[in-house]
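Down below is the structure, laid out as structure tokens.
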Amino acid sequence: MEPLYKPEGVEERWQRTWEEEGLYRAGAGKRRDETFVICVPPPNVTGALHMGHALNGSIQDVLIRWHRMQGYDTLWQPGYDHAGIATQNVVEKQLASEGTSRKELGREAFVARVWRHLEETGRTIMGQYRSFGASLDYERERFTMDDAYIEAVMRFFVHLWERGWIYRANRIVNWCPFHETAISDLEVAHEEMDDTLTYARYPFTDGSGHITIATVRPATILADVAVAVHPDDERYRDAIGKEVLVPYVERAVPVIADERVEPEFGTGALKITPGHDPTDFDIGRDHGLPVLTVIGLDGRMNENAGHLAGKTQEEADQAILAWLKEHDQLEKREHYRHAVGTCERCHTRIEPLVSLQWWVAMEEPRKPALAALRERRVRYHPESQHQFAIRSLEEIPDWNISRQLWWGHQQPLWYCPNEHVTCAWPPPEACATCGSTELVRDPDVLDTWFSSALWPYATLGWPEQTPELERYYPGNVNSTAREIIRLWENRMIWTGLELMGDVPFTDVIIHSTILASDGRRMSKSLGTGVDPLDLIAKHGADATRYGLLKMSSTQDVRFTEGPLEEGRKLANKLWNVSRLLLQERMEPKADPRALEERWILARLDSTQAEVEAAWNAFEFSPSVQALYRLTFDDFCDWYAEAIKPRLGEPEARATALAALEQLLKLLHPVMPHVTEEIWSQFHPDTSTGRVIVTPWPEATGAYAADLHALDAVQEAAAIFRRSGVAVPLEGDEKRIFDAVVRPERSKANGNAAGEIERLRREVERGERMLANEKFVANAKPEVVEAEREKLARYRRELDALSG
RNA sequence: GGGCGUGUAGCUCAGCAGGUAGAGCGCCUCUCUUACAAAGAGGAGGCCGCUGGUUCGAUUCCGGCUUCGCCCACCA
């Protein structure tokens, strides 16, 4: 064994071995009948592994490996999401760079092109998971566009249809002019933009002056159907009920009163354009106003815009501004900065448009999910996210599921010449209403999250009643980033309850987001991303896992390599202390349970309890810190040093190896490779003797009473190192002190005076507190007792030093 | 505009059922010592954002202010 641990080669070798030996498979190492299932968030098929996947994968792998060692029948099933709009976006950009477009290719050729693209990118992702040691059951890979999965999506749609929850409505939607599709509210990003607010005068038809409105989009004036003011607004009391002339088109429209108008903003008068603004759409609907549209699906002015038809909005803006100026109806224009909705994929400004779309009514399906969250049959961690998830379900709007895209699951809807709609799967032969056989399938595809919502059970074979579904549903844990709670988590919960009659998992971990070192988001387009594969190449997979887990606190954290270097040090330390303990140096005699041995066994147990508590609470940063301290401070700095002179004693060696075994087991879920590598050094023969499937230690608590056995020695050592004066010790304590501190080699400061001063201050403080009657009366008894013990010890040490 | 979080050593972050603070990295000193110099030992460095309150005692609990950030949102 070389003194320097090099992860290269070692990690790949174990990854290959574990997989070849079938130890990644569901149920490997199973010693009890209970299952433990993690529902993995399927990465987008076009993407590459990023920091979020690496962090999330590490978290999940710790839980899976830990439960596997505990003998659970574990299932961690990998897969991909076809990621409708995101994938189409990537391929369309490729086509654009080749000087062509999807329209030029046509739908069939475009979809074929997407599939070809996936063959290139799809495979690499699982390789990336393998490279950081994710013990996924790779033989069970699933894809949301597998034939069986498509079947599930279609059945789900038909199910919702039969429940009466799917409806079609002409509503205002978020239209992305670039992708030429509607997108849901959740796919809209809001970006601050500089804009201009135009104040335009609308004259009253009775000639009694005018009312001034403010707008950022003059082009939409053409589609105005009213002007609204707040009912309590004194300024416009007399205007309500009158009519005004819409500029340019000179159409007479009413002035109405509505509480949704904000009197403080602009002039307090709002032009109502139901065809191009969500609020206006609602107000118009409630006042029985017509819907006019002047902007088409391509973002240009449409046929309703008269001679402006075909012009861009900017051109229309200019024409209308010129008209206003000419007619002295342009009051002013001012700079205005506000948030504008954009498409989260292409950042094109969203066009609110009225269009005919399919929706899922959420009022009914959300109810059982809400109950499940309130009753905590599903728990989000941390608690603040649980509250957020509940609020999200309370406020959940109906779900626009149709997308005018080409890549995705085509809706199981058919139209006949008589405009009847048939929803069926498998594809129907004839119209369900009139029997016509001239059916045309709806060209739209489903929101990509529609299929993701089925992931926990569709991957297990639903709608077939497979043995896997029977055994592994419901699962236990799901772990993701915050932004996906409404898009995915809540939807899995309600569809699971609807189709399977049970929640898909009991715990949802919402982990931190790792930001770039400058605090910005990690993003490929910003150039702020860090590739986890580079980190693995540089520090090793174990160190990378350790570092990411260390950074997985509840708050967002800026990325630094420090924690990864810490992980690399830990692996190296473990490697070296193993070299020490595995040396052959057999000589006689021993006390099998000397002071330092009872102490380290107690420390192993107490740290194990600490780690288990943390993992049960889905907290990982504290757990790796505890393991680091255990390894460095306790195991290496104290125990290994203390035991060194006794390594020739068979019993001492036996205890040392047992302690090392326990340490390796505790570390295995976090750092699987190095622990397996060391383990194989003293379990060379057995093919089944792998840490990955070895039983998790049973904490005996046998030496709990000895947890503080070394306190006196450690304190004495600290004093000696600072002052050069030894506090007298006897027996085992003296032996350990001599073994660890090795005075002949230690150059203490020799500042006895400073140490005496420090101890005096401690003694004074202790005396002051114990003399405080209110402290003694009010503080917890154990706190007071601890103060007494500390005071006694400091007094003893002070005596030893000054005497 | 609403909701949530955050401000602790030069940097990245822990911690705190309330008893004047920790880690890693960086910095300084010493040591190639037979597991480990990609190491070990020692050390410097902190009004724990500001401000009131509760308390014998607040970095920790409560209120206000403020910093930075995230999410949500139909003020045209």
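Residue numbers start from 1 in every chain, and the chains themselves are labelled A, B, ... in the order their sequence lines are given, proteins ahead of strands. Values reported hereafter were calculated over all heavy atoms of this structure, with side chains retained and with hydrogens, waters and symmetry mates removed.
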Checking contacts here: which listed nucleotide ([options]) is nearest the side-chain heavy atoms of [X]?
X: A:Glu262; options: B:A23, B:C36, B:C75; value: B:C75
X: A:Thr279; options: B:C36, B:C74, B:G3; value: B:C74
X: A:Thr215; options: B:C36, B:A41, B:A76; value: B:A76
X: A:Val557; options: B:C74, B:C36, B:U12; value: B:U12
X: A:Glu787; options: B:C36, B:G19, B:A76; value: B:G19

Who are the side chain to side chain contact (heavy atoms under 4.5 Å, CB included) partners of [X], not counting sequence neighbours?
X: A:Ser392; result: A:Phe388, A:Arg486, A:Asn490
X: A:Arg171; result: A:Tyr167, A:Ala169, A:Trp359, A:Asp398
X: A:Ala537; result: none

Could you state the atom-to-atom distance from [atom1] of [X] to [atom2] of [N] in whole Å?
X: A:His230; N: B:A76; atom1: NE2; atom2: P; value: 17 Å
X: A:Tyr5; N: B:C36; atom1: OH; atom2: C1'; value: 15 Å
X: A:Gln625; N: B:U12; atom1: CD; atom2: P; value: 17 Å
X: A:Arg217; N: B:C75; atom1: CZ; atom2: P; value: 14 Å
X: A:Glu259; N: B:C75; atom1: CD; atom2: C1'; value: 15 Å
X: A:Leu581; N: B:C36; atom1: CG; atom2: P; value: 13 Å
X: A:Leu570; N: B:A38; atom1: CG; atom2: C1'; value: 14 Å
X: A:Trp638; N: B:C36; atom1: CH2; atom2: P; value: 20 Å

| field | A:His210 ring center within less than 6.0 Å of A:Tyr202 ring center | value |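 Not close enough - the centres of the two rings lie 6.0 Å or further apart.
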| With nearest nucleotides of RNA chain B determined for A:Ala214 and A:Lys6 from heavy-atom distances, which residue corresponds to the more 5′ nucleotide? |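 First, find each residue's nearest nucleotide; the 5'-ward one identifies A:Lys6.
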| query | With a 4.5 Å limit on heavy-atom distance, are the side chains of A:Ile736 and A:Leu710 in contact? | reply | yes
Looking only at side-chain N and O atoms, does [X] come under 4.0 Å of OP1 or OP2 in [N]?
X: A:Lys550; N: B:C13; value: no
X: A:Arg721; N: B:G42; value: yes
X: A:Lys573; N: B:G40; value: yes

| task | Give each stem of RNA chain B as a range with a range, requiring at least 3 consecutive Watson-Crick or G-U wobble pairs whose two distances are under 3.5 Å. | result |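 Correct response: B:1-5 with B:68-72, B:10-13 with B:22-25, B:27-31 with B:39-43, B:49-53 with B:61-65.
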Any base atoms under 4.0 Å from [X], or only sugar-phosphate, or nothing? Heavy atoms, all strands.
X: A:Arg391; result: sugar-phosphate
X: A:Val216; result: sugar-phosphate
X: A:Asp280; result: nothing
X: A:Phe635; result: nothing

| Those residues that, when tested against A:Lys790, pass salt bridge (charged side-chain N to carboxylate O under 4.0 Å, His left out) (two or more places apart) |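 Applying salt bridge (charged side-chain N to carboxylate O under 4.0 Å, His left out) to A:Lys790 gives A:Glu787.
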Nearest-angstrom distance, [atom1] atom, [N] to [M]:
N: B:A9; M: B:C70; atom1: C1'; result: 27 Å
N: B:A23; M: B:A14; atom1: P; result: 16 Å
N: B:A38; M: B:C68; atom1: C1'; result: 36 Å
N: B:C13; M: B:G18; atom1: P; result: 26 Å
N: B:C74; M: B:G2; atom1: P; result: 15 Å
N: B:G63; M: B:G45; atom1: P; result: 36 Å
N: B:G26; M: B:G43; atom1: C1'; result: 14 Å
N: B:C61; M: B:G24; atom1: C1'; result: 30 Å

| note | Residues at least two apart in sequence or cross-chain that pass ring-ring contact (aromatic ring centres under 6.0 Å, His included) with A:Tyr5, listed by chain then number, are A:Trp575
| message | Show me the pairs that pass salt bridge (Lys or Arg N to Asp or Glu O under 4.0 Å) and involve residues 271-282 of chain A, at least two apart or across chains. | response |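 Salt bridge (Lys or Arg N to Asp or Glu O under 4.0 Å) check on residues 271-282 of chain A returns A:Asp224-A:Lys271, A:Asp282-A:Arg285.
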| query | For A:Glu383, which residues count as a side chain to side chain donor-acceptor pair (under 3.5 Å) partner, sequence neighbours excluded? | reply | A:Arg376, A:Gln387
| query | What residues form a side chain to side chain donor-acceptor pair (under 3.5 Å) with A:Asp633, not counting sequence neighbours? | reply |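 Partners of A:Asp633 by the side chain to side chain donor-acceptor pair (under 3.5 Å) criterion come out as none, since no residue qualifies.
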| field | Residue A:Glu395 excluded, over 12 heavy atoms near CD under 6.0 Å | value | yes
Nucleotides 67-72 of chain B: which of its N/O atoms have a protein N/O under 3.5 Å away?
none

| request: Inspect the contact between A:Arg646 and A:Glu649 and indicate whether a charged nitrogen and a carboxylate oxygen are less than 4.0 angstrom apart. | output: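 Answer for the salt bridge query: yes.
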| task | Any chance you could lay out the side chain to side chain contact (heavy atoms under 4.5 Å, CB included) test for A:Ile59 and A:Arg545, step after step, and finish with the verdict? | result | CA-CA 9 Å; A:Ile59 287 172; A:Arg545 295 162 61 108; over 6 Å; no
Just the atom pairs and distances: protein N or O near nucleotides 54-59 of chain B's N or O, under 3.5 Å.
{"from": "B:C56", "atom 1": "O2", "to": "A:Asn772", "atom 2": "ND2", "distance (Å)": "3.0"}

Sort me out a list of protein N/O and nucleotides 25-27 of chain B N/O pairs below 3.5 Å, or just none if empty.
{"from": "B:C25", "atom 1": "OP1", "to": "A:Lys569", "atom 2": "NZ", "distance (Å)": "2.8"}

